[in-house]
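For reference, the structure discussed in these notes is given below.
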Number of protein chains: 4
Amino acid sequence: MNKNKNSKRRQELVAIAARLFCDQGYETTTVRTLAAEMGIQSGSLFHHFKDKQEILFAVIESGMLHAMEIARQALCEAQTPEERLHALAQAHLSTLLQDRDAHVVAIYEWRSLTDLSRAHLVELRDAYESIWREVIYECQQAGLVPDDQGLRRRLALGALNWTVQWYRPDGPLRPEDLAQTLVDMLLGRSPL
Amino acid sequence: MNKNKNSKRRQELVAIAARLFCDQGYETTTVRTLAAEMGIQSGSLFHHFKDKQEILFAVIESGMLHAMEIARQALCEAQTPEERLHALAQAHLSTLLQDRDAHVVAIYEWRSLTDLSRAHLVELRDAYESIWREVIYECQQAGLVPDDQGLRRRLALGALNWTVQWYRPDGPLRPEDLAQTLVDMLLGRSPL
Amino acid sequence: MNKNKNSKRRQELVAIAARLFCDQGYETTTVRTLAAEMGIQSGSLFHHFKDKQEILFAVIESGMLHAMEIARQALCEAQTPEERLHALAQAHLSTLLQDRDAHVVAIYEWRSLTDLSRAHLVELRDAYESIWREVIYECQQAGLVPDDQGLRRRLALGALNWTVQWYRPDGPLRPEDLAQTLVDMLLGRSPL
Amino acid sequence: MNKNKNSKRRQELVAIAARLFCDQGYETTTVRTLAAEMGIQSGSLFHHFKDKQEILFAVIESGMLHAMEIARQALCEAQTPEERLHALAQAHLSTLLQDRDAHVVAIYEWRSLTDLSRAHLVELRDAYESIWREVIYECQQAGLVPDDQGLRRRLALGALNWTVQWYRPDGPLRPEDLAQTLVDMLLGRSPL
DNA sequence: AATGAATGAGGCTTCATTCAT
DNA sequence: TATGAATGAAGCCTCATTCAT
C-alpha cells in the first residue's frame with residue numbers, strides 16, 4: 001500500500017472520493033464507482049487505501065485540516081476581537097465553500113467511520129472548535145457577547161454549518177454578506 | 001398491504017423504524033433488523049410497506065406533519081409578531097426534541113428517498129417554511145427584523161436544526177433558553 | 001437460517017459438500033460451486049450455514065459422529081479383548097470407506113477450521129481415541145500387547161488412517177484382510 | 001528467472017516456503033507473505049520461480065530427493081535383510097523429522113500441484129517406494145515377512161507417514177524406539 | 001535481480017424482495 | 001396478515017501475476 005499519505009496522486013483520489021461521497025452518500029457509493037471515476041481498477045484502489053472506510057476518513061480529515069489552516073491564517077491578520085470573530089466566520093465560510101464536498105461528507109457520514117477514526121477526527125474537531133471558543137471568549141471579555149456557556153457560539157456554528165444545505169455561491173448572496181450577518185447576530189446587532 | 005396509513009399499528013412500526021434509521025442510518029439498517037425490532041419476520045414487513053424506501057418516507061413524513069401541527073397550534077395562542085416568532089422557535093425546538101428520531105432521519109437520509117417521495121416531502125417542507133417566512137415578514141413589517149431576503153431566517157432555522165447535533169435535553173440548558181437566545185439573535189438583541 | 005441441524009435436507013447438503021471438499025480441497029471449492037452442485041443459488045447456502053467454514057465443520061463432525069456410532073455398535077457384539085480389537089479395526093475401516101469423503105476432509109482440512117470449531121472436534125476425536133485406548137488396555141491386561149505408552153496404538157491408527165491414501169474398495173484386497181493384518185501386526189503375529 | 005535450480009539462495013527460499021506452506025497451507029499462504037518472509041518484494045519472487053505452484057513443486061521435490069538420498073546411504077551400511085529393513089525405517093523417520101515441513105506439505109498439498117508436476121513427483125515417489133518394495137522382498141525371501149501383495153508394506157509406510165501428525169521429537173519417545181517398534185510390527189514380533 | 005503500482009478475475013457474504021404455504 | 005426459505009444481484013475485498021523502471 002502506498003504509504004505516502006500526502007502524495008499529489010492521493011490527494012486527487014481523495015478529492016474524487018469526496019465528490020462521490022457527497023453526491024451519492026458513502027454507503028451508496030461503490031468501490032467500483034470510486035475506481036471508475038478515478039480511472040483505475042477497483043483492485044488498485046486498495047494500494048492507496050486499506051479500506052473503503054479509510055477513504056472516508058481521508059476525505060473528512062483533509063477537509064478538517066484545511067479548515068484549521070485557513071482559520072489560523074485568517075486570525076493572523078486580524079486584530080480586535082470583533083475583527084477576529086469576523087475573520088473566523090469568513091474563514092469558516094470559505095472552507096465550507098472551497099471544500100464543500102468534504103464538509104458535507106463530514107456532516108453526513110460521520111457515523112460510518114470506525115470508532116478509531118472517529119476518535120482521531122473528534123480531536124481535530126475539538127481543536128478547531130477551541131479556536132472559536134477562544135475568539136468568542138475574547139469578545140466576551142470585550143463586552144461584545146454575553147457569557148452564555150457557549151450557547152451563542154453553538155447556534156452560530158450551527159447556522160454556518162447548515163449553510164451547506166442551502167447556500168449556493170452562484171446565487172445573489174455574497175459570502176461576505178453571510179459572514180457579516182452572522183457576526184451581527186452573534187453580537188446582538190440589527191442593521192435597522 | 002395495509003392501506004390504513006394511520007393505523008395505530010403502523011404508527012408504532014414507523015416509530016421503531018425512525019429509531020433504527022436514526023441510530024444506524026437508513027442504508028445500514030437491514031430489513032431483517034427492522035422486522036426483528038418490530039417483532040415480526042422480514043417477509044411480513046412487506047405487508048405493511050411496499051418498500052424499504054416507503055418506510056423511510058413514512059418516517060420523515062410523520063415527523064414533518066407533526067412539526068406543522070405543533071407550529072400551527074403554537075401560533076394560535078400568540079399575538080404580537082415577536083410573541084409569534086418566539087412561539088414558532090419554541091415549537092420548532094419541541095418537535096426537534098419530541099420527534100428527534102424522525103427529524104434526524106429527515107436531515108441525514110433525505111438523499112435515499114425516491115424522486116417522487118422527495119418531491120412530496122419538499123412540498124411539506126415548503127409549507128412549513130412558508131409559516132416561518134410569514135412570521136418573519138410580520139416582524140419585518142413591525143420593524144423588528146431587517147429585510148435581508150430571508151438570510152436571517154435561514155441562518156436561524158439552520159441554527160435550530162443543527163441543535164440535533166449537540167443539544168441534549170438532560171443537560172443544563174433549558175429549551176426555553178435556547179428559543180429565547182435564538183429569537184434575541186434574530187432580532188439583533190444582546191442581553192448585555 | 002435453518003436451525004434444524006439434523007434435517008434430511010441438511011444432511012444431503014453436507015454430503016455434497018464432503019464430496020467437493022474431498023475432491024477439490026476446502027479452499028479451492030468455491031461457494032458458488034457448492035451451491036451449484038446442491039442445486040441452489042449461492043445466496044441460499046447461507047440459510048443453511050452461517051459460513052463456508054460452518055459447512056466444513058458440519059462435514060467433519062458428521063464423519064466423526066458416524067465413526068463413533070459404528071465403533072460403539074461393533075464393540076457391543078464382541079467379547080474377548082482380541083475380538084474387540086478386531087471389531088474396532090473393522091469398524092474403523094468401515095467408516096473410512098463409507099464416509100471416506102468426510103474423513104479425508106477431516107485429515108486434510110483440519111487447519112481451515114476456526115479455533116472454536118476445532119476445539120469442539122478435538123473433544124470428539126479424543127472421545128473416539130479413548131475407545132481405542134480402552135480396548136488396547138484390555139489387550140495389554142490379557143498379555144496380548146506390550147505396554148508401550150500407546151506407541152503401537154498410534155502406529156496402528158496411523159496405518160489405518162493412511163489407508164484413505166491408497167486403499168480402493170474395488171481392488172483385490174478385502175477390508176477384512178486389511179483389518180486382520182492390522183490386528184496381527186498390532187499383536188505381533190506373523191501368518192508364516 | 002534464475003535457472004540455477006540448486007543455488008544456495010534458491011534452497012533458502014524453498015526452505016522458507018516449506019515452513020509457510022506447512023504452517024498455513026499452500027492456498028492460504030499468499031505470495032506476499034512468502035516474499036515478506038524471504039525479505040524481498042512480491043514481484044521479485046517471480047524472478048526465482050515461474051509460478052506460485054512452482055514453489056510448491058520445489059518444496060516437495062526437495063523433500064523427496066533428500067529422502068531418497070538418506071535411504072540410499074542408510075542401506076549402504078546395512079547387511080542382513082532385517083538390518084536393511086531397520087535402516088530404511090530409521091532413514092524414513094529421519095527425513096520425516098529433518099524435513100518435516102517439506103513432507104507435511106507433500107502430504108497435504110499434493111492436490112494443488114499441476115498435473116505435470118504431479119506426474120514428475122509420482123515418479124520420484126515410485127522410485128522411493130520401490131526401495132521399500134525391494135527390501136521387503138528380501139525379507140520375504142528370508143522368511144521374515146509373509147507375501148501379502150504389499151499390504152504390510154503399505155500399512156507400515158502409512159504408520160510412518162502418519163507420525164508427522166503426532167510425533168514430536170522433544171517428547172519422551174526416541175526415534176529409534178519408533179523405528180524398532182515399527183520393524184517389530186512388520187515382522188510380526190512382540191516384545192512380550 | 002529487484003521493485004511496487006496496477007491489474008482484473010474471482011472469492012465470500014449480505015440483503016431487499018418474492019412467493020408458496 | 002404472517003411466515004421463512006429461496007433468490008440473485010451486487011458489495012467489499014484479496015490475490016497471483018505483470019511490467020515499466
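This structure is a prediction, so every number in the text was calculated from the model and none was measured. Chain identifiers are assigned alphabetically (A, B, ...) following the order of the sequence lines, protein sequences preceding nucleic acid strands; residue numbering begins at 1 within each chain.
- Rounded to whole angstrom, the span from the CD atom of D/Gln24 across to the P atom of F/dC15 amounts to 11 Å.
- D/Glu54 has its CD atom 14 Å from the C1' atom of F/dT17, to the nearest Å.
- Listed nucleotides: F/dA9, E/dA6, F/dT17. Nearest to the side chain of D/Lys52: F/dT17.
- Distance, B/Ile40 CD1 to F/dT1 P: 11 Å, rounded to whole Å.
- Spacing between atom NE2 of C/His48 and atom P of E/dT13 amounts to 15 Å, rounded to whole angstrom units.
- As rounded to whole Å, 15 Å separates atom C1' of F/dA16 from atom CD of C/Glu27.
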- Any chance you could encode DNA chain E as dot-bracket? Rule is Watson-Crick or G-U wobble with both distances under 3.5 Å; [ ] for pairs crossing earlier ones, | for another strand. .||||||||||||||||||||
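- Under 4.0 angstrom from either OP1 or OP2 of F/dG8 there lies at least one side-chain N or O belonging to C/Gln41.
- With C/Ile60 as the partner, the side-chain contact (heavy atoms from CB on, under 4.5 Å) test is satisfied by one option alone out of C/Leu65, C/Ile55, C/Val105: C/Val105.
- The closest side-chain heavy-atom distance from D/Leu121 to D/Trp110 is below 4.5 Å.
- Comparing D/Ser42 and C/Leu45 by the nucleotide of DNA chain F that holds the closest heavy atom to each, the one mapping nearer the 5' end is C/Leu45.
- Across F/dA16, E/dT17, E/dA9, the shortest atom-to-atom separation from the side chain of B/Phe46 is found for E/dT17.
- The backbone N or O of A/Met64 lies less than 3.5 Å from no partner atom in the side chain of A/Arg125, so there is not a single donor-acceptor pair.
- In this structure, the side chain of C/Arg19 does not engage the main chain of C/Asp101 through any donor-acceptor pair within 3.5 Å.
- Rounded to whole Å, atom P of F/dC12 lies 15 Å from atom NZ of A/Lys50.
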Polar-atom pairs under 3.5 Å, protein N or O versus N or O of nucleotides 19-21 of chain E: list them with distances, or write none.
none

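- Using a 4.5 Å heavy-atom cutoff, the side chains of A/Gln165 and B/Ile107 are in contact.
- Residue A/Gly39 is the one, among A/Gly39 and C/Thr30, whose nearest nucleotide of DNA chain E lies closer to the 5' end (criterion: closest heavy atom).
- In this pair, A/Tyr108 and B/Tyr108 present their aromatic rings perpendicular. The plane angle is above 60°, beyond the 30 to 60° band.
- Judged by distance alone, the side chains of B/Gln11 and B/Ser62 never bring a donor and an acceptor atom under 3.5 Å apart.
- Spacing between atom CG of C/Leu34 and atom P of E/dG10 amounts to 17 Å, rounded to whole angstrom units.
- A distance-only check finds a donor-acceptor pair linking the side chain of B/Glu109 to the backbone of B/Tyr26 [under 3.5 Å].
- No donor-acceptor distance shorter than 3.5 angstrom exists from the side chain of C/Arg10 to the backbone of C/Phe49, with no hydrogens or angles considered.
- In the set F/dT3, E/dA16, F/dA6, the nucleotide with an atom closest to the side chain of B/Ser44 is F/dT3.
- Pairing each heavy atom of C/Gln53 with each of C/Ser112, the nearest pair is CG-O, 3.8 Å.
- Across all strands, C/Thr28 comes closer than 4.0 Å to no nucleic acid atom at all (heavy-atom distances).
- Residue whose closest nucleotide on DNA chain F sits further toward the 5' end, between D/Thr29 and A/Val31: A/Val31.
- Atoms CZ (A/Arg32) and P (F/dT14) sit 14 Å apart, rounded to a whole Å.
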